[in-house]
Amino acid sequence: MSRTSRRTHRCGELRVQHVGQRVRLGGWVHRRRDLGGIVFVDLRDRAGIVQVAVGPAAPEDVRRTAGGLTGETVVEVEGEVVARPGNMKNPELATGDVEVHPSKLTVVGLAVTPAIPVARAKGEELPSEELRLKHRHLDLRRPEMQANLVLRHRLLQRARRTLTELEFLEIETPILTKPTPEGARDYLVPSRVHPGEFYALPQSPQIYKQLLMVAGLDRYFQIARCFRDEDLRNDRQPEFTQIDLEASFVGPEDVLGFVEAVLVALWDEAGQQVAGPFPRITWREAMERYGTDKPDLRYELAITDWTTQVGPLGVPFFDAALKNGARVRGLAVKGGGGTLSRKDVDQLAETAKQLGGSGLAWVKRQGEQISGSVGKYFTADTLGALGIGDGDAALIAAGPDRVTSPVLDRVRQEVIRRLGAQPTATHAFAWVVDFPLFEPDPETGKPVFAHHPFTAPHPDDLPLGRKSPFEMRALHYDVVYNGNELGSGSIRITDRQVQYWVFHQLGLSDDEIAKRFGFLIDGLNSGAPPHGGFAIGFDRVVMLLAGAASLRDVIAFPKTTAARALFEGAPAPAHPADLRALHIKVEP
RNA sequence: GGGGCUGUAGCUCAGCUGGUUAGAGUGCCGGUCUGUCACACCGGAGGUCGCGGGUUCGAGCCCCGUCAGCCCCGCCA
């Protein structure tokens, strides 16, 4: 199927079976080796690289053209596929058993010297990320980048197939939509027809997919582009892709089952065998044992509460922190007494400080010797009570959980990295369940929703609502893989009374509810089936399965951390005439 | 919004305690070469040391500011 009117094969497809055939190829000059009497041209296309050998027997014009080829020029070649003699085979090349002896060679797309190299020497560093983004068409020629995009394509198709087989319907929802009252900042699009009014790009198709359930479509999915105007990270882009799904007449088990089916299929597509059901961990346990709601469960190392054991020892570092009913928690690092150097520990303490904590205390036990920043307060017995044996180390943080959890999470990850700890599993999927429904606003202490305001409260916790809303759990689920959050979802509120109760808890008046969420309330009033759904962060999945270091390596045209597109130069100033038409004045 | 790292030849990097003419590899240009595959060998060109200001007899190096890229915190219902 690679045949077109201008070629018979792709370069990288040629094998021994093609020997003797006349072929026509098109591709880019990857490298050229001119030995004088014979010129070798490595010709590259999407499928790979094949060697074209232009020897003394080749026609004069072919030899002349071959002698003058520059890198990255596009040529078309016609010639015979020839088996290479044994000692001239190249086992590092998929096409290495053959080469092409051309009778015609035509330059069809002359290239100037590329700004960044496509063909790199072994071990040569990549060009800077800035240049790779600026000259993206060249960066994307690299086989590694093409492999990432090929994988991305296959994963997309597999997701579509899997959900289609589960009787989900792929339905598109608007890109020009309504600004969201809460949540992330919206990207706004001014309306020309309605002065002073704006569309927003969707942060997710959340409300649309719920309305599709109200409409009776039963099962929906979409490979949905989402937009959030927030600051970027290595694993966060301002526009990103979700595998978004929603289903009717479902409970939590159904939703989790659908998501497991999709993820197992995606991992299978990438050649990784995994199986559901994924283990579950409560949010509370995840925070307690790992200090994060997305724990990397490939490693057993876990946080322990040492408050009762350490409290009576009179350590000033801890006593200062313990005044406000806080806790002492830490990590018992088996063998850490020997393997964690003083430098390691100091750097871990520095990391802890940067996260806003008071720092990290540590104790090492090596034979009779007990050392460390708080070592003099401990004996072998007191350490033994913490599970610190001979040759072990304890890394200890004290304070309120909101400080110690992120610190110990980070320290745990660093310890695992520095010790080169052996994982107990290659693929550690897990569901994080029983998230809180509300969380306190850090400034006012009033309830704000932990997810979105349509997440159903856990039915068992409804009686709690009146007196202790923060104790209420939500029917909300995160799927976590090797310390990465892959997605989240929930059962939605379909009871009008519950929905109003939640909005009231958040401090919204009936007027505000009607104004902001009127169309959803209308939906709930018009016969809403029980429904729930999920969204999988697709870019992140591709990144992990491709083994890529950054989201930018699995997106064809990504943005920089300053949300700029270096290739096309977006954003850019608008023409004054366009601004006038949009009724917009820009203040400098 | 805050913190950190980086910015020197087309590309990747070195550049000592501030010292005279800023280097290497690769790419590029020219030449030799009939079995290379990172071809080899010979020769050559190539620099706004991100930008602006300051300190100094003298700045790639020190100071201040600024821009860009990357990483982190805040933020991301």
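Naming convention: chains lettered A, B, ... in sequence-line order (proteins, then strands); numbering from 1 in each chain.
When rounded to the nearest whole Å, the span between CG of A:L551 and P of B:C70 equals 12 Å. The distance from atom CZ of A:R132 to atom C1' of B:A68 is 17 Å, rounded to the nearest whole Å. In this structure, A:D34 atom CG and B:U36 atom C1' are separated by 11 Å, rounded to whole Å. Rounded to whole angstrom, the span from the NE2 atom of A:H135 across to the P atom of B:A68 amounts to 17 Å. Residue A:E485 contributes atom CD, which lies 14 Å from atom P of B:C76 at whole-angstrom precision. Atom CZ of A:R402 and atom C1' of B:C73 are 15 Å apart (whole Å). Atom NE2 in A:H452 sits roughly 15 Å away from atom C1' in B:C76 (whole-Å rounding). Look at CD on A:Q242: it is 16 Å from P on B:C76, rounded to the nearest Å.
When each of A:R31, A:H30, A:R33 is checked for a side chain to side chain donor-acceptor pair (under 3.5 Å) with A:D42, only A:R33 meets the rule.
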Candidate pair A:D139 and A:R552, rule salt bridge (charged side-chain N to carboxylate O under 4.0 Å, His left out), full reasoning: CA-CA 12 Å; A:D139 195 43; A:R552 294 182 296 275; over 6 Å; no
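Residues from residues 57-90 of chain A placing a heavy atom under 4.0 Å of any atom in RNA chain B, listed by number, are A:T70, A:R84, A:M88, A:K89, A:N90. Residues from residues 220-235 of chain A that place a heavy atom under 4.0 Å from any atom of RNA chain B, listed by number: A:R228, A:E230, A:D231, A:R233, A:N234.
Residue contacts for A:P127: at a heavy-atom cut-off of 4.0 Å it reaches the sugar-phosphate backbone alone, with no base atom in range. Among the heavy atoms of the strands lying under 4.0 Å from A:S204 is at least one base atom, whether or not backbone atoms are also near. Within the nucleic acid shown, A:A119 has no heavy atom closer than 4.0 Å to any nucleic acid atom. Heavy atoms of A:A53 sit nowhere under 4.0 angstrom from any nucleic acid atom. Within 4.0 Å of A:Q203, counting heavy atoms only, lies no atom of the nucleic acid at all. Among the heavy atoms of the strands lying under 4.0 Å from A:L126 are primed sugar atoms or P, OP1, OP2 only; no base atom is included. In this structure, A:L131 reaches the sugar-phosphate backbone alone: every heavy-atom distance under 4.0 Å involves primed, P, OP1 or OP2 atoms, never a base. Within the 4.0 angstrom heavy-atom criterion, only backbone atoms of the sugar-phosphate kind lie near A:R552; the bases stay farther away.
Salt-bridge annotation for A:R120 and A:E125: absent, with no side-chain N of the basic residue lying under 4.0 Å from a carboxylate O of the acidic one. Salt-bridge formation is not detected for the pair A:E230/A:R236: no Lys NZ or Arg NE/NH1/NH2 atom is positioned less than 4.0 Å from an Asp or Glu carboxylate oxygen. Residues A:E512 and A:K515 are not paired through a salt bridge, judged by the lack of any N-O separation under 4.0 Å between the basic side chain and the carboxylate.
Taking the six-membered ring for Trp and thresholds of 30 and 60 degrees, A:Y500 and A:F503 have ring planes more than 60 degrees apart, a perpendicular arrangement.
When the side-chain nitrogen and oxygen atoms of A:T113 are compared with OP1 and OP2 of B:C28, none of them lie within a distance under 4.0 Å. Dashed line: the shortest gap from a side-chain N or O of A:R540 to OP1 or OP2 of B:C76 is not under 4.0 Å. At the phosphate of B:G69, OP1 or OP2 sits under 4.0 Å from a side-chain N or O atom of A:T560. Here A:R33 does not reach the OP1 or OP2 of B:U36: none of its side-chain N or O atoms lies under 4.0 Å away. Look at A:S128 and you'll find a side-chain N or O under 4.0 angstrom from OP1 or OP2 of B:U12.
Both A:E125 and A:R31 lie close to RNA chain B; mapped to their nearest nucleotides by heavy-atom distance, the more 5′-ward contact belongs to A:E125. Nearest-nucleotide assignment on RNA chain B puts the 5′-proximal partner with A:Q51, out of A:Q51 and A:R32.
For B:G35, its base sits under 3.5 Å from the side chain of A:E99 at one donor and acceptor pair at least. For a distance-only test at 3.5 Å, the side chain of A:R236 qualifies as a donor-acceptor partner of the base of B:C75.
Base pairing annotation: B:A68 forms a Watson-Crick or G-U wobble pair with B:U6, both donor-acceptor distances under 3.5 Å. Within the shown strands, B:C28 is the pairing partner of B:G44 under the Watson-Crick or G-U definition, both distances less than 3.5 Å. The nucleotide B:U21 finds no pairing partner, because no Watson-Crick or G-U wobble arrangement with both distances shorter than 3.5 Å includes it.
Nucleotides B:C42 and B:C33 are separated by 11 Å at their C1' atoms, to the nearest Å. Across the C1' atoms, B:C39 and B:U34 are found 13 Å apart, a figure rounded to whole Å. Comparing the same atom, P, in B:A14 and in B:A24 gives a spacing of 16 Å after rounding to whole Å. Rounded to a whole angstrom, the distance from the C1' atom of B:G54 to that of B:C70 is 29 Å. Rounded to the nearest Å, the gap between the C1' atom of B:C75 and that of B:G15 is 41 Å. Here the separation of B:G69 from B:C29, taken at their P atoms, is 32 Å to the nearest Å.
The shortest distance between side-chain heavy atoms of A:C11 and A:E13 does not fall below 4.5 Å. Two residues are said to be in side-chain contact when any heavy atoms from C-beta on lie closer than 4.5 Å; A:L35 and A:V39 fail this criterion.
Ring centers of A:F517 and A:F454: under 6.0 Å apart, within the cut-off. Residues A:Y290 and A:W283 keep their aromatic ring centres 6.0 Å or farther apart.
Judged purely by atom type and a 3.5 angstrom limit, A:D539 uses its side chain to pair as donor or acceptor with the backbone of A:T241.
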Residues 561-571 of chain A side chain polar contacts: donor-acceptor under 3.5 Å, at least two apart:
none

